[in-house]
Protein chains: 2
Amino acid sequence: MITIKEIADLCGVSRGTVDRVLNNRGNVKSEKKQLILKVAKEMNYSPNPAGKALAARKLKPTVAVIMPSLGIGFFDAVLEAMKKAEASYYLYGLQVEWHITQSYDVEVQCRQLAELNERVTAVILMPINHERIGIEIKRLTDAGVFVLTLNNDIENSTRACYVGTDYFNGGLTAGALLQMLNRHELNIGITLGSLQILGHAQRLAGFRQSIADNAQAKILAVTEDQDDEILSYEKNLAMLRQHPEINALFAASSGGIYGACRAVITCGREKDISVIAFDTLPTTIEMMERGLIQATIYQHPRRQGQIAMQIIFDYLVNGKEPEKELNLLTNEIRIKENISATADMI
Amino acid sequence: MITIKEIADLCGVSRGTVDRVLNNRGNVKSEKKQLILKVAKEMNYSPNPAGKALAARKLKPTVAVIMPSLGIGFFDAVLEAMKKAEASYYLYGLQVEWHITQSYDVEVQCRQLAELNERVTAVILMPINHERIGIEIKRLTDAGVFVLTLNNDIENSTRACYVGTDYFNGGLTAGALLQMLNRHELNIGITLGSLQILGHAQRLAGFRQSIADNAQAKILAVTEDQDDEILSYEKNLAMLRQHPEINALFAASSGGIYGACRAVITCGREKDISVIAFDTLPTTIEMMERGLIQATIYQHPRRQGQIAMQIIFDYLVNGKEPEKELNLLTNEIRIKENISATADMI
DNA sequence: TTGAAAGCGGTACCAT
DNA sequence: ATGGTACCGCTTTCAA
């Protein structure tokens, strides 16, 4: 555990000079610089995060959280974990600006990114997958802002890192599980939020791959429910009536699972349709207890929020670069026996 | 974000006095004490962890890790995560003393606990469930040492907290899953490490409960394999030969799963026996790819190690009491599609 | 180009 | 019983 002071002593210079070299602030004679760098490397210097954190207070490090997800159950859990992290990081002087909106609207998100307070040095963003958002991200990163995408990524952007799940794998896992649980002919109906949402499209692709080699399984219809329970209810009702031979439902939506289940019940098909869903909203758990949903894919919502905040904290307060660009959480399988809401609080 | 200095100014005393009050070091006149406590409460004072961490360096906070688990695959992952945490906490001056042994021996563990360096202020312990260990823990906690039990708990002890899984629920989940995946008559063989290990006994109890209401399912034999692959191979071979009607295997052992699978293969029963296992050792994954193991229960080994170290760090370095006494991780279900070793590194 | 010093929040020790 | 001060490691500012 070598410190800046020790390096300074070893090199016969002052702490200020060492600091200037290690943080590339210039104004140091080249030979001193080389010596300092050499010693620092040899001694395996790594700054003490506590010292950094204490000094960082004066800079009022600020992160903006931008999420177009107000009221969607899954994201409420993500947000809750982030708020909890905020409280503990508050003691270090980390400031959080919340921009939580309901609209999944490119225009709105562009404006949010464009109008950021200039004290903001980091952004946690659930991005809309659109070229214009990519341009705004580029502008921010060029200005030195640390941008982290959460839950959904955006293609070809300059963001520093991503925290979320592998959606393709989520679909693949759900599909494999559906077939393991139902070893008979499968006539599948699918409901998902929107194919415009990158993650949902990837889920569908993963699911398709999982049934590709199974001659007994086929997809009869795909419904887009816009993550809206009421719309989901209506559209799934229509789908089930149009395809009475459906005996399995892949509910890959973020906000339309309950509506889809209610549609199954309304049709009187509760006993002969198997449902695989995503996430563990209270209504989803209710439908699992009832036996309608066989299993659900858990995506660690709280952990997603927690990891995102921690990466920002480490970067802004402790001056630590993120270890990985892609922080992918595992898609877990939950049945009613291992839903365990309390354990997920960790 | 009020500080000690600000409280001191508000109360017209020095920082030292405030510090004495807030940390119960005595030697403060009662009226001043009351005033300081009142102001601290009103201003919602909470110490800055960075300041604490910086000051804690001088005390050389030291934790001892005692685990009788050398060479058991599952615990290697726990240890690996702890070593990684050690590296990052090292920068704060946290010292870790490792006591990793192979013997699951009460005598050895008692001696390890009795002979701890007196600079050790915290212990992470994978305890043997024996009265004598409880007595040693009591002695340590009385002396002010923070004791955390990891992966297995010990009954009626004075340890500060536990990090691990709910074994009963693990058995329950495994049992429910086995029945969901195999909707026919189930003649079940069970292999587990030892009924002397609290967790394994609890797993079995959970499993029994899961099949209690299923007239089609019954347990034909329970084998204790001592978490040893070779012994497991031999004993499972004997079990399978004695009970040729076994068509499902509950492999609840920590170190005998591969041996049990090999026994199934040797018997030529690979096609007609379904196996549910625990953890994701390389050999277990191999048997999943092969189709012999249908699913496995994942117990977050890395996360267990990580959380244990973090609780110790927060306590010793940041002076933060643990939030919860029981830190239970969820039993996750993994099939070959969502094994994803890389994601679990987070 | 460089050094010296103050300050971030908390703790510990010495002097009174 | 209380205040003052030095120190933990790092950053920043000011003076030279």
Side-chain angles (χ1 to χ4, degrees), chain A residues 1-36 40 43-61 89-95 121 314 316-320, chain B residues 1-36 40 43-61 89-95 121 314 316-320:
Chain A
M1 268 300 305
I2 186 154
T3 68
I4 279 193
K5 183 176 183 321
E6 291 169 312
I7 295 178
D9 291 345
L10 282 171
C11 296
V13 298
S14 75
R15 301 200 285 173
T17 304
V18 176
D19 179 65
R20 274 188 291 273
V21 171
L22 296 178
N23 293 290
N24 283 316
R25 298 191 223 284
N27 282 333
V28 179
K29 219 197 297 178
S30 175
E31 46 188 306
K32 285 197 180 180
K33 179 172 171 181
Q34 297 312 321
L35 175 65
I36 290 168
M43 308 296 287
N44 223 334
Y45 171 76
S46 195
N48 182 324
K52 281 222 181 234
L54 216 38
R57 281 179 60 85
K58 302 186 196 172
L59 303 178
K60 295 248 176 207
Y89 295 148
Y90 169 76
L91 299 171
Y92 290 87
L94 180 66
Q95 317 265 320
T121 42
D314 282 340
L316 289 188
V317 178
N318 288 337
K320 203 172 106 192
Chain B
M1 268 301 308
I2 187 153
T3 68
I4 278 194
K5 184 176 182 319
E6 291 170 312
I7 295 178
D9 292 345
L10 283 171
C11 297
V13 298
S14 75
R15 298 201 285 170
T17 304
V18 177
D19 180 62
R20 275 187 290 272
V21 172
L22 295 179
N23 293 289
N24 285 316
R25 299 192 222 282
N27 283 332
V28 178
K29 217 197 298 179
S30 174
E31 46 188 304
K32 285 196 178 178
K33 179 172 172 179
Q34 298 312 319
L35 175 64
I36 289 168
M43 307 296 286
N44 222 332
Y45 171 76
S46 194
N48 182 325
K52 282 223 180 232
L54 217 39
R57 279 180 61 85
K58 302 188 199 174
L59 303 179
K60 294 247 178 208
Y89 295 149
Y90 171 75
L91 299 171
Y92 290 86
L94 181 67
Q95 317 264 323
T121 40
D314 282 341
L316 289 187
V317 178
N318 289 337
K320 204 172 103 191

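Being a predicted model, the structure only gives us computed values, none of them experimental. Chain letters run A, B, ... following the sequence lines, proteins first, then strands; residues in each count from 1. What's counted below: heavy atoms across the whole structure, side chains too, no hydrogens, waters or symmetry copies.
Picking from dT2(D), dT12(D), dC10(D) the nucleotide with the shortest atom distance to the side chain of Asp19(A) gives dT12(D). Taking every side-chain heavy atom of Val28(B) into account, dT2(D) is the closest of dT2(D), dG3(C), dT11(D). The side chain of Leu54(B) sits closest to dG9(D) out of dC10(D), dG9(D), dG3(D). Closest contact between the side chain of Lys29(B) and the listed nucleotides dC10(D), dG10(C), dT2(D) involves dT2(D). The listed nucleotides are dT2(D), dC10(D), dG3(C); the one nearest the side chain of Asn27(B) is dT2(D).
No contact: Tyr92(A) has no heavy atom under 4.0 Å from any strand. Residue contacts for Lys52(A): at a heavy-atom cut-off of 4.0 Å it reaches the sugar-phosphate backbone alone, with no base atom in range. Backbone-only contact: Asn48(B) has heavy atoms under 4.0 Å from sugar-phosphate atoms and none from a base.
A distance-only check finds no donor-acceptor pair linking the side chain of Asp19(A) to the backbone of Arg15(A) [under 3.5 Å]. Using modelled atom types, one side-chain atom of Asn48(B) and one backbone atom of Ala50(B) make a donor-acceptor pair closer than 3.5 Å. When atom types are taken as modelled, the side chain of Gln34(A) and the backbone of Glu31(A) share no donor-acceptor pair closer than 3.5 angstrom.
Here the shortest heavy-atom pairing between Asn27(B) and Arg20(B) reads O-NE, 4.1 Å. The two residues Gly51(B) and Leu54(A) make their nearest non-hydrogen contact at N-CD1, 3.9 Å. The heavy-atom pair separating Glu6(B) from Met1(B) by the smallest distance is OE1-O, 3.6 Å. Taking all atoms of both residues into account, the shortest heavy-atom contact from Ala56(A) to Leu316(A) is CB-O, 4.3 Å. The heavy-atom pair separating Asn318(B) from Pro49(B) by the smallest distance is OD1-O, 3.3 Å. Closest approach of Leu91(B) to Arg57(B), counting heavy atoms only: O-NH1, 3.7 Å.
Here dT11(C) presents its P atom at 12 Å from CG of Asn24(B), a figure rounded to the nearest Å. Atoms CG (Leu59(B)) and C1' (dC7(D)) sit 12 Å apart, rounded to a whole Å. Spacing between atom CZ of Arg15(A) and atom C1' of dT2(C) amounts to 15 Å, rounded to whole angstrom units. Taking atom NZ on Lys5(A) and atom P on dC7(D), their separation rounds to 9 Å, with Å as the unit. Atom NZ of Lys32(A) and atom C1' of dG3(C) are 9 Å apart (whole Å). A straight line from CD1 of Ile4(B) to C1' of dT2(D) spans 15 Å, rounded to a whole angstrom. Computed from coordinates, the Met43(A) CE to dG9(D) P distance equals 14 Å when rounded to whole Å. The interatomic distance linking Lys58(B) (NZ) with dA6(D) (C1') rounds to 7 Å, in whole Å.
An OP1 or OP2 oxygen of dG10(C) is reached within less than 4.0 angstrom by no side-chain nitrogen or oxygen of Asn23(B). At the phosphate of dA4(C), neither OP1 nor OP2 sits under 4.0 Å from any side-chain N or O atom of Ser14(A). Side-chain nitrogen and oxygen atoms of Arg25(B) include at least one within less than 4.0 Å of the OP1 or OP2 phosphate oxygen of dA12(C).
Summary of the strand contacts: Ala50(B) and Gly16(B) both lie near DNA chain C, and taking for each the nucleotide with the nearest heavy atom, the more 5' one is attributed to Ala50(B).
The C1' atoms of five pairs define one axis at each end of the helix from dT1(C)-dA16(D) to dT16(C)-dA1(D), and these two axes lie 60° apart (to 10°).
Contact of the Val13(B) side chain with the Val18(B) side chain is registered, since non-hydrogen atoms from C-beta on lie closer than 4.5 Å.
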Restricting both atoms to N or O, compile the protein contacts to nucleotides 14-16 of chain D shorter than 3.5 Å, with distance only.
none

